[in-house]
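Only one structure is covered here, and it is reproduced in the block below.
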Amino acid sequence: MSDDDFLTQVNMAETDAISHSSTYMPLNRRMLSDYLGCPNGYEVEGQSQVVSTEVSDVVGSDMPSLVRFFLGGREIMKFKPNSENERDVTEANEKTKYVHHIIRNQKNSFKIFHDFLKSVEIQTAGILHYPWKEQKTTQVRDYRGLDESEMIDIVRDIEIEAAKQKFEVEITEKKENPDDTFDLKLKITRTKKGVVIENIDIEQLLISRNAKSKDDADLFGHSFMARRGDLLAQDFDKDKLKAIPVSASQVDESMRQIRFGTGGQT
């Protein structure tokens, strides 16, 4: 299959998934509105505008027990060995500890899983995305008026630090001044690698029509908007990115309007 044929198939599957979302998104909009206590839409002027909070009350009462059960001190999941062989048992135990470490040490891990459990209560599905990400951060160190020995010491020390902590250092400016001092500018780039767990809103879900689960779906994923700067940071080709026109989101914006609109509970 050529690249063009593959892209055609992906685009067709994406179009089908977006069209399919119209079959389940009305229910999700209704459930979110009920939870937030939004107006029902058939209120009569001059009569009571009271909206029942039963849905939010039930969800609120369920959350403490759900959080205790899923986010308590015990293991989140456990790998079972294929046999009683010591090597298999050790491998299973190490995998259990590793996965537990990854999940527990996520930034804002409690909030991530609290929000996931809450979305399971409110919507037809809760979705977690756990990609492997490489995130780069850049720091600039600017030195002015150094004598030659100070400059040599700074460069040596930063190179030793870079070797120990595994980051990249680049001298972007080195200038000798008329008074025999030096100006030095360094760019330090650190790369953080690892699994990042993210909540995905239900309106971002893309799943093929007639799929019984994500495993038998022709397409399963989520739609999101990306900024050019973020794509450049991921080493996408700059010239190709410039050629891509700005596009509007195909995500169901009505859910966002309900979620962040006025009139409902917070």
* Go through the side-chain N and O atoms of Asp179 and Thr181 and say whether any donor and acceptor fall under 3.5 Å apart. => yes
In terms of hydrophobic clustering (I, L, V, M, F, W, Y; side-chain heavy atoms under 4.5 Å; direct or indirect links), are [X] and [Y] co-clustered?
| X | Y | result |
| --- | --- | --- |
| Met25 | Ile122 | yes |
| Val169 | Ile160 | no |
| Val99 | Phe70 | yes |
| Phe69 | Phe116 | yes |
| Tyr143 | Ile171 | yes |

Within a radius of less than 6.0 Å around [atom1] of [X], do more than 12 heavy atoms belonging to other residues, nucleotides or ligands occur?
| X | atom1 | answer |
| --- | --- | --- |
| Gln165 | CD | yes |
| Asp16 | CG | yes |
| Glu170 | CD | yes |
| Gln139 | CD | yes |
| Met63 | CE | yes |
| Asp142 | CG | yes |
| Gln135 | CD | yes |

Quick check: do [X] and [Y] have side-chain heavy atoms less than 4.5 Å from each other?
| X | Y | value |
| --- | --- | --- |
| Ser254 | Glu203 | no |
| Glu161 | Phe167 | yes |
| Ile154 | Phe182 | no |
| Phe113 | Leu128 | yes |
| Thr137 | Lys192 | no |

In Å and rounded to the nearest 0.5 Å, what is the [atom1] to [atom2] distance from [X] to [Y]?
| X | Y | atom1 | atom2 | result |
| --- | --- | --- | --- | --- |
| Lys214 | Leu205 | NZ | CG | 12.0 Å |
| His222 | Ile127 | NE2 | CD1 | 9.0 Å |
| Ile158 | Arg156 | CD1 | CZ | 12.0 Å |
| Lys166 | Lys193 | NZ | NZ | 11.0 Å |
| Glu176 | Met151 | CD | CE | 8.0 Å |
| Ser52 | Asp34 | OG | CG | 8.5 Å |

* Can you list the steps and then say if Asp239 with Lys242 is a salt bridge (charged side-chain N to carboxylate O under 4.0 Å, His left out)? -> CA-CA 5 Å; Asp239 293 330; Lys242 285 183 177 180; 5.0 Å; no
* To do: Check the pair Val155 / Leu184 against side-chain contact (heavy atoms from CB on, under 4.5 Å), numbers first and verdict last.
  => CA-CA 9 Å; Val155 172; Leu184 181 68; 3.9 Å; yes
* Stepwise, does the side-chain contact (heavy atoms from CB on, under 4.5 Å) test hold for Leu32 with Met255? -> CA-CA 8 Å; Leu32 181 60; Met255 284 289 286; 3.8 Å; yes
Under the 3.5 angstrom rule, does the side chain of [X] hit a backbone N or O of [Y] as a donor-acceptor pair?
| X | Y | value |
| --- | --- | --- |
| Gln106 | Val195 | yes |
| Asp147 | Ser149 | yes |
| Asp183 | Gly145 | yes |
| Thr138 | Thr189 | no |
| Asn93 | Val89 | yes |
| Asp5 | Met1 | no |
| Ser19 | Thr15 | no |
| Thr172 | Lys185 | yes |
| Thr53 | Ser56 | no |
| Ser109 | Asn105 | no |

* **Basic-acidic side-chain contact under 4.0 Å: Lys118, Asp115** =>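 Asp115 and Lys118: not salt-bridged.
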* Could you tell me whether Lys95 and Glu91 make a salt bridge, using a distance below 4.0 angstrom between a side-chain N and a carboxylate O? => yes
What's the shortest heavy-atom distance between [X] and [Y], and which atoms?
| X | Y | value |
| --- | --- | --- |
| Pro39 | Arg30 | O-NH2, 4.4 Å |
| Ser119 | Gly126 | OG-CA, 3.5 Å |
| Ser61 | Val58 | OG-O, 2.7 Å |
| Gln123 | Asn28 | NE2-OD1, 3.0 Å |
| Asn199 | Lys111 | ND2-O, 4.5 Å |
| Ala217 | Ser208 | C-OG, 4.1 Å |

* To do: Go through the steps to decide whether His129 and Gln204 satisfy the test side-chain contact (heavy atoms from CB on, under 4.5 Å), and finish with yes or no.
  => CA-CA 11 Å; His129 185 221; Gln204 294 179 293; over 6 Å; no
* To do: Could you walk me through whether Val59 and Asp62 pass side-chain contact (heavy atoms from CB on, under 4.5 Å), step by step?
  => CA-CA 5 Å; Val59 172; Asp62 282 350; 5.7 Å; no
